[in-house]
Amino acid sequence: MEPSKEIAARIEGRLERLGLSAEDADRLAGLPAGSVLALVRGAGRLPRGTALRRLSAALEVDEAFVLGLEPGDLLPPEMLEDPQGELGLLAPDEEALLRHYRRLDVPARAAAVLLVARAAGPEPEPPAAPRAPARRGKRGAR
């Protein structure tokens, strides 16, 4: 997704408000050099997944702000995708959930787990173990 003029202006405005250079934002977000400058110029592609979250954190805003979404709009799923899930690591939304969960006290954690479990519905039954064929005794042997 290429940044619109509005997104470029949002990013540039955040840099100004925070007193950061584009290079500072690259460094804070762990992005390749020149990434944020390219975004401000409208030439670069918006980062996805973890990189989007790191850029948002560097700019001290949420991902929706960086993407130019209105409050309450859902983030496009493709912007949250990272190859991490394929590697057995947590996806960005899972990391965010875990990060917020860890800030809760014990009773709130229990309530959150119950809420998520109820929202997910019943757990699927594990597959039944295959049964071994019944053994037959030898005939005629006594």
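Only this structure's heavy atoms are used, side chains among them; waters, hydrogens and symmetry mates stay out. This is a predicted model, so every value here is computed, not measured. Residue numbers run from 1 in the order of the sequence given.
- Closest approach of V36 and A22 over heavy atoms only: CB-O, 3.8 Å.
- If you take OG on S56 and CZ on R14, they are separated by 10.5 Å, rounding to the nearest 0.5 Å.
- The existence of a salt bridge linking R10 and E6 is confirmed by a sub-4.0 Å separation between a basic side-chain nitrogen and an acidic carboxylate oxygen.
- For the atom pair R102 CZ and L97 CG, the distance stands at 10.5 Å (nearest 0.5 Å).
- Note on L20 and V66: same hydrophobic cluster, where clusters join Ile, Leu, Val, Met, Phe, Trp and Tyr whose side-chain heavy atoms are under 4.5 Å apart, directly or indirectly.
- Both V61 and L67 are part of a single hydrophobic cluster, where members link through side-chain heavy atoms under 4.5 Å apart.
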Do L59 and F65 pass the side chain to side chain contact (heavy atoms under 4.5 Å, CB included) test, and can you show the C-alpha distance, the side-chain angles, and the key distance before you say yes or no? CA-CA 10 Å; L59 298 176; F65 180 88; over 6 Å; no

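- Of the possible donor and acceptor atoms, one in the side chain of D26 sits under 3.5 Å from a partner among the backbone N and O of G34.
- A salt bridge does not link R17 to E60: none of the charged nitrogens lies less than 4.0 Å from a carboxylate oxygen.
- For the atom pair CG of L39 and CD1 of I11, the computed distance is 4.5 Å after rounding to the nearest 0.5 Å.
- Note: L18 CG to D24 CG = 10.5 Å, rounded to the nearest 0.5 Å.
- From L55, atom CG reaches atom OG1 of T50 across 12.5 Å, with rounding to the nearest 0.5 Å.
- Linking Ile, Leu, Val, Met, Phe, Trp and Tyr residues whenever their side-chain heavy atoms come within less than 4.5 Å places L104 and L98 in a single cluster.
- Across A58 and A25, no two heavy atoms sit closer than the pair CB-O, 4.2 Å.
- With rounding to the nearest 0.5 Å, the separation of CZ in R109 from CG in L114 is 16.0 Å.
- The shortest non-hydrogen separation linking V40 to A8 is O-CB, 3.4 Å.
- Residue S35 comes nearest to P32 through the heavy atom pair OG-O, 2.7 Å, listed as atom of the first residue, atom of the second, then distance.
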